[in-house]
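Each chain gets a letter, A, B and so on, in the order its sequence line appears, and its residues count up from 1. Being a predicted model, the structure only gives us computed values, none of them experimental.
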Amino acid sequence: MKNGDHLFLVDGSGFIFRAFHALPALTRKSDKLPVGAVSGFCNMLWKLLVDARNTEVGVTPTHFAVIFDYSSTTFRKAIYPEYKANRSAPPEDLIPQFGLIREATRAFNLPCIELEGYEADDIIATFARQAEAAGAEATIISSDKDLMQLVTERVHMYDAMKDKQISIPEVIEKWGVPPEKMIDLQALTGDSTDNVPGIPGIGPKTAAQLLETFGDLETLMERAHEIKQDKRRESIIAGRELVKISKQLVTLKTDTPVTEALDDLALEPQNGPKLVAFLKTMEFTTLTRRVAEATGTDAAEIEPADVPVVWDGARGPDLDKTDATPKAEKKATPSSPAAASPKTDAADEVADNATAMSQARAEFFATHPIDHSTYETVRDRSALERWVAMARETGIVAFDTETNSLDPMQAELAGFSLAVADNAASPRGDVTRACYVPVGHKSGHGDLLGGGLAENQIPVREALEILKGLLEDPSVLVIGQNIKYDWLVMKRHGIAISTFDDTMLMSYVLDGGGNTTHGMDALSERWLGHKPVPYKDVTGSGKGAVTFDLVDIDKAKTYAAEDADITLRLWQVLKPRLVAKGLTRVYERLERPLVDVLARMEERGISVDRQILSRLSGELAQSAARIEDEIYQLAGERFNIGSPKQLGDILFGKMGLPGASKTKTGQWSTSAQVLEELADSGLPLPRKIVDWRQLTKLKSTYTDALPGYIHPETRRVHTSYAMASTSTGRLSSSEPNLQNIPVRTAEGRKIRTAFIAEPGNLLVSADYSQIELRVLAHIAEIPQLKQAFADGIDIHAMTASEMFGVPVEGMPSDVRRRAKAINFGIIYGISAFGLANQLSIERSEAGEYIKKYFERFPGIKDYMEASKAKARENGYVETIFGRRIHYPEIKSSNPSVRAFNERASINAPIQGSAADIIRRAMVQIEDALETSGINARMLLQVHDELIFEAPENEAEKAIPIIREVMENAAMPAISMSVPLAVDARAAKNWDEAH
DNA sequence: ACGTACACCTA
DNA sequence: GTAGGTGTACGTC
């Protein structure tokens, strides 16, 4: 771009709203799809493209772009959570038009630009300044005063509705200050539509006058005491903090990380047929004719375009779908986490401010503790409607369900609680109000069929209907603590929570690792200094425990409303901290989008064949009984084989076998390793114990326990995934744990044959091959490892060959086995002690191996030292996507504690990066399958493996899609220097699919 | 009834 | 040597 060029920047998002309200409502004839704003938009674009010279702009563009807001979560929201919080939901008729306007932009062959975390205005500011710097001119198609700060000699604005140019004189005329002082003016006046605070009582006139007198905002604030008018002086001095924040909010960023260069915005010739096809689809007859004529297109010959519409009349919109395209991510994601948060002064300032906000709130909460007496029980429709209205005012509501079960797949609703911020009471939003809405409490003295409903509760259907409107509104942010639970419960009650945040996950991202837990009680004590009412005080414990629906409503109110209140307060403290620490991206990319993905997996469950398990259980019982008899024979007495204490006494006390070792509590160790060694020396008894343990383990943990988890209605097994329980970012699975189903032995694998596809379907298993070693090769930059993975060579054989000088061809299996153990050892933060144990060799020999390994692969040693150093310096290490894992004990004076933390800090970036990669895959994969029209459902995750269920004739087609997503899951955030490989198979059961 | 130790299943 | 969860035995309250 050069002198004489002219860039047009259309504020697409601003235009949508303005056109919608200014132009007459218009619907598409064929299906009543509202298209008024789209029509106005198309007409405007066309006019600017072919006829701009005849408007007030007076010049023809050489470059052109349309800019959109990406989503409601921007850095401003992080600085000041109430920013734009009072925006109500977009009108129903406008919603389908958001997507259509983007489609229209593409049909006009114009770049459609958006960037996560930034508003359209920031992107516009960036391009305008770039154009100016290049010696060109820019015209911003908008009349929004927020953009007027950008106006200069070379940057203009244009109000397309009024055909009016806005340059420096127009700004001065309208606002009384030149464009460069618009920021100061807005900081003083605030903006009620965006909820920017400003100073109460100061409007544009006063602000302009003050700025005229003092010159600029900084001087004004310094010399505020000189202001003569008492009230004005006081309010300005009192509002200095808010002015600071306001200024940050209204200052547009001119250095957003846009991925398009100015030259990418050069105007392309119109594609007549493409545009005509779109306009025909919209049924804009006049414009279609005009465009067809101008581009020499025969409109009659053109088929209408296939335009996706997110609209089904009465139902709410799915805004995520319109926006969350892979393309959007590509644009928004820089190539490394370092680039994600460049350490500029501006970024530092944002972080400092966010920290200040978090601290200010924490202090406020410390002096304004939780007050149970303010909580309200909502017992009628109109009261609930009032609460919903209050929630809509700020667009932010904390929500919590109370049920009769910890299992979200079984839970029935007892009630729910809401908490909202009272902005009138405190502009910082930290005065909270909370209520409890009982809907399913029982009276307690019912008949045998269960108590009747307690009195004075809103009928559950009515309450849910009102609640649905709030929770499904995409413009209302629903805050939960472990919201996956509430998401599932509400889903089972017909409500799909739309836009949400989760305080548990925020805490996990901020403080993962260490011995930190992220449950609400712990968070409340940590951040609010408040100990919540213990659950057991409400329901009782032990034998006298009751389910929540039987709790007295008044008691329930205190507990439940407090939960919502705490959740809202936690959010207010934690949200700005995410920004301050630069962890918003981790939270928004790796945590939050996984919530509903996992919830759906849990909801689907997997089919388990009772008969197979029951038959296996019988077989195991018989075999175990036989071995049991033999054991008693050999031992000469009957005893409890399952008691390590009794067993140790028999083996090492009574029989005096050699090789005894002690556990840390001084008991004889009877571990498998000890028994194996005894067996190898020819004794029959230890082997039988090992065999007996294997059989009874399989029986009790799997064949006997699993059927108890089959859901009475779905007839499937629904595990529960914990998102915030591991230090590294892995998931964990419980009730039942489906991440430890046996696979290593033939006996154990039989359990897997009981995990089956529904009739007419297949299970598809897809697992990453050697993902952790690949991640290691990437992170530590080991040339030989990278080469081996690039060439698809057996990685353990390669390692053995390098270390022991044995050719890969015809390598003895034992040599390879040792190399494999070393490779795993490296991932685990190797020690000579551990490797010696694993390989049953001397510690000195293990030490030699390690030394040799480090000589051959010096980068590994460097990586390990760097990891430890980083943990010592920062207190945490990071995955390749920026997830932090904290090691507060890395400097412990206890050498074994220290060594343990060092090994863990070596392992965490490897294990954690692999965990992040599969998380990314899981977030993308459902959309990828749906887009491909394949009906495959993701059921399970086992750390490096995903299991799907698909109709027989679609399973094979699903495999390449799944593989594609998984193998490219690190992209585009990280470009790995090692390829990822995925093995996948379809079969009737999990054993054969794996 | 609850907590801890031990053993053993997974990646 | 890393990261998890569960079942049994056995101690304590």
Note to self: At 4.0 Å (heavy atoms only), tell me whether A:Gly825 reaches a base, stays on the sugar-phosphate, or touches nothing.
What the structure shows: base
Note to self: So if I define the base as every atom that isn't primed, P, OP1 or OP2, how would nucleotides 2-8 of chain B read as a B/S/- string at a heavy-atom cutoff under 4.0 Å?
What the structure shows: ---SSSB
Next item on the list: Scan A:Ser831 against the nucleic acid and name what it touches under 4.0 Å (heavy atoms): base, sugar-phosphate only, or nothing.
Entry: base
Next item on the list: For A:Ile827, report the nucleic acid contact type (base, sugar-phosphate, nothing); a contact means any heavy atom under 4.0 Å.
Entry: nothing
Next item on the list: Shoot me the first and last contacting nucleotide of DNA chain C against chain A, ordered 5' to 3', at under 4.0 angstrom to non-hydrogen atoms.
Entry: C:dG1 to C:dC10
Checklist line | Pair A:Arg693-A:Leu647, side chain to side chain contact (heavy atoms under 4.5 Å, CB included): steps then yes or no | finding: CA-CA 12 Å; A:Arg693 279 196 182 150; A:Leu647 178 63; 3.4 Å; yes
Check: Going through the distances and angles, do A:Arg985 and A:Glu945 end up as a salt bridge (charged side-chain N to carboxylate O under 4.0 Å, His left out)?
Finding: CA-CA 11 Å; A:Arg985 228 195 312 266; A:Glu945 175 187 14; over 6 Å; no
Notebook entry, point to check: Are a donor atom and an acceptor atom from the side chains of A:Asn894 and A:Ser892 found within less than 3.5 Å of each other?
Noted result: no
Check: Which word best sums up how the rings of A:His718 and A:His711 line up, parallel for under 30°, tilted for 30 to 60°, or perpendicular for over 60°?
Finding: perpendicular
Next item on the list: Quickly work out the A:Glu772 CD to B:dT10 P distance and round it to whole Å.
Entry: 16 Å
Note to self: Taking ring-ring contact (aromatic ring centres under 6.0 Å, His included) as the cut-off, I'd like each qualifying pair that reaches into residues 851-874 of chain A, sequence neighbours left out, listed once.
What the structure shows: A:Tyr853-A:Phe857
Next item on the list: Determine the contact category for A:Arg730: base if any of its heavy atoms lies under 4.0 Å from a base atom, sugar-phosphate if only primed atoms, P, OP1 or OP2 are that close, otherwise nothing.
Entry: base
Note to self: What contact category does A:Ala705 fall into here, base, sugar-phosphate, or nothing, at under 4.0 angstrom with non-hydrogen atoms?
What the structure shows: sugar-phosphate
Item checked: Length of the CG-P vector between A:Leu946 and B:dT10, whole Å -> 19 Å
Next item on the list: Count the heavy atoms belonging to other residues, nucleotides or ligands that lie under 6.0 Å from CD of A:Glu855, then report whether that count exceeds 12.
Entry: yes
Next item on the list: Could you tell me whether A:Ile771 contacts a base, only the sugar-phosphate backbone, or nothing, with contacts defined as non-hydrogen atoms closer than 4.0 Å?
Entry: nothing
Notebook entry, point to check: Contact class for A:Glu945 (heavy atom, under 4.0 Å): base, sugar-phosphate, or nothing?
Noted result: nothing
Next item on the list: Provide, to the nearest angstrom, the distance between the CD1 atom belonging to A:Ile918 and the P atom belonging to B:dA11.
Entry: 12 Å
Checklist line | Nucleotide B:dC9, atom P - distance to CG of A:Asp704 in whole Å | finding: 16 Å
Next item on the list: Answer with base, sugar-phosphate or nothing: what part of the nucleic acid does A:Asn640 contact at a heavy-atom distance below 4.0 Å?
Entry: sugar-phosphate
Next item on the list: Answer yes or no: are there more than 12 heavy-atom neighbours, outside A:Lys820 itself, under 6.0 Å from its atom NZ?
Entry: no
Checklist line | Spacing between A:Arg744 atom CZ and B:dA11 atom C1', to the nearest angstrom | finding: 8 Å
Margin query: Strictly below 4.0 Å, N to O, side chains only: are A:Asp794 and A:Arg816 in salt-bridge contact?
Written below: yes
Checklist line | Exceeds 12 heavy-atom contacts within 6.0 angstrom, atom CZ of A:Arg843 | finding: no
Check: Does A:Arg752 make a cation-pi contact with A:Tyr702 (under 6.0 Å, within 45 degrees of the axis)?
Finding: no
Note to self: Need one value for A:Ala821: base, sugar-phosphate or nothing, where a base atom within 4.0 Å counts as base even if backbone is also close, heavy atoms only.
What the structure shows: base
Checklist line | 5′-ward residue of the pair A:Thr728/A:Glu735 relative to DNA chain C | finding: A:Thr728
